[in-house]
Amino acid sequence: MNYCKLISRMFFAAVVHAGFLQAAAQEQVPKPPRMTPEMTEFWEPQVPVVVPGKITANAAITAPSDATVLFDGKDLSAWTDKDGKPAKWEVKNGVFTVKKGAGDIQTRKLFGDFQLHIEWMVPGNITGKGQARGNSGIFLQGRYELQVLDNYNNRTYSNGQAGSIYKQTPPLKNALRPPGEWNVYDIIYTAPRFKEDKSLLYPACVTVIHNGVVIQNNTEIKGHTPYAGLPKYSYHGKGPVKLQDHGDPSEPISYRNIWIREI
Ligand code: MG
């Protein structure tokens, strides 16, 4: 056998061998298991409790002059359901309340970077436990959930309690007021940026002040916030503020005094 033929046969054998190896490798690599919700929940460390300051009479902060008012106690004209039809949640006595089964509602207007002021309350006679107790949520740009929940003396997983970026980052402190009292979120949000090819350039960041206490400090948002599975980014432009109808059996929660400033 001449040298060229030997090389040729060795090359052929190597290709065949590589093919077998590849086939064997493909057979041996197990499929990753389907993710369950529990895989992205962590309970330790617990978030320390801090008692927020009191709201004194008439201390509500109304919208500054350059804000877009999303709710001032009158109606839900700034909001729609997911299909763009008028929002069906109930407005009464200057607040609106989640209507179970009516679905999430979202702002007509879309936003990029913003400052959002929003107040929420669960009723004093709330029942339920864990995640099934006053569960709602504020979806930034319709995608990234800042959790709303009554976990005042109600243990749940740390990265699922009020003020968490859901299933990602727990709040720095548990600054909840008890059921029957209003909670205030002031949210400063920087939207993610995407490259021309629509891949991520840099992620979204958020700072949240809850009842006067910083609970998220320029926190990087790792992607969307699913119940099961890992966060990931997909390209988007401006988005609405969306409020969650979680549908749990406890008493529904109410919102009031909502305004937003584009920054
Ligand atoms: Mg929620």
Side-chain angles (χ1 to χ4, degrees), residues 35-43 47 70-71 79 81-82 87-90 95-107 116-123 126-177 179 182-187 189 204 206 208-211 215-216 219 221-232 239-256 258:
M35 290 193 72
T36 63
E38 293 75 21
M39 287 176 174
T40 47
E41 296 165 6
F42 62 83
W43 293 68
V47 177
L70 297 174
F71 181 70
W79 302 79
D81 68 9
K82 67 177 170 48
K88 295 184 188 70
W89 293 11
E90 187 181 26
V95 310
F96 69 81
T97 302
V98 180
K99 186 175 180 183
K100 273 187 276 189
D104 301 343
I105 65 169
Q106 60 190 49
T107 54
L116 173 66
H117 176 96
I118 186 164
E119 303 181 15
W120 57 272
M121 183 180 73
V122 299
I126 191 157
T127 58
K129 61 179 186 176
Q131 291 284 305
R133 186 179 166 98
N135 195 330
S136 182
I138 301 160
F139 285 83
L140 313 171
Q141 294 197 300
R143 286 171 171 77
Y144 313 114
E145 183 180 8
L146 172 65
Q147 177 69 305
V148 168
L149 185 78
D150 176 36
N151 55 271
Y152 186 90
N153 290 336
N154 170 40
R155 185 88 196 280
T156 187
Y157 41 94
S158 299
N159 60 346
Q161 66 184 63
S164 63
I165 307 304
Y166 185 65
K167 292 283 181 93
Q168 296 182 19
T169 311
L172 293 166
K173 300 284 180 180
N174 174 347
L176 275 163
R177 293 201 171 99
W182 286 94
N183 284 279
V184 182
Y185 280 167
D186 284 289
I187 303 160
Y189 173 78
V206 68
V208 181
I209 300 167
H210 181 190
N211 297 331
I215 59 163
Q216 298 286 351
T219 301
I221 296 176
K222 301 177 195 313
H224 75 322
T225 49
Y227 176 49
L230 296 173
K232 63 177 184 227
V241 176
K242 187 169 84 174
L243 302 180
Q244 185 182 42
D245 168 16
H246 188 266
D248 62 67
S250 63
E251 291 297 317
I253 77 153
S254 299
Y255 290 92
R256 72 174 185 187
I258 310 172

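Whatever order the structure lists ligands and atoms in, that order sets their numbers, starting from 1. In this text, all values refer to a predicted model and were calculated from it rather than measured experimentally. In what follows, every heavy atom counts, from backbone to side chain, and hydrogens, waters and symmetry copies are set aside.
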*With Asp150 as reference, evaluate Arg177, Gln161, Arg133 under the side chain to side chain donor-acceptor pair (under 3.5 Å) test and give the passing residue.*
Arg133
*Is there an N/O/S atom in Tyr166 that lies less than 2.8 Å from the Mg ion (ligand 1)?*
no
*Would you check if the Mg ion (ligand 1) lies under 2.8 Å from any N, O or S atom of Gln131?*
no
_Verdict with reasoning, Gln131 to Thr156, per side-chain hydrogen bond (donor to acceptor under 3.5 Å, both in side chains)_ = CA-CA 7 Å; Gln131 291 284 305; Thr156 187; 2.9 Å; yes
_Aromatic ring proximity Phe96/Phe71, centre distance under 6.0 Å_ = yes
_As a test of reading the structure, name the N/O/S atom of Glu145 that is nearest the Mg ion (ligand 1)._
OE2
*So Ile165 and Asn159, side-chain contact (heavy atoms from CB on, under 4.5 Å) or not? Walk me through it.*
CA-CA 7 Å; Ile165 307 304; Asn159 60 346; over 6 Å; no
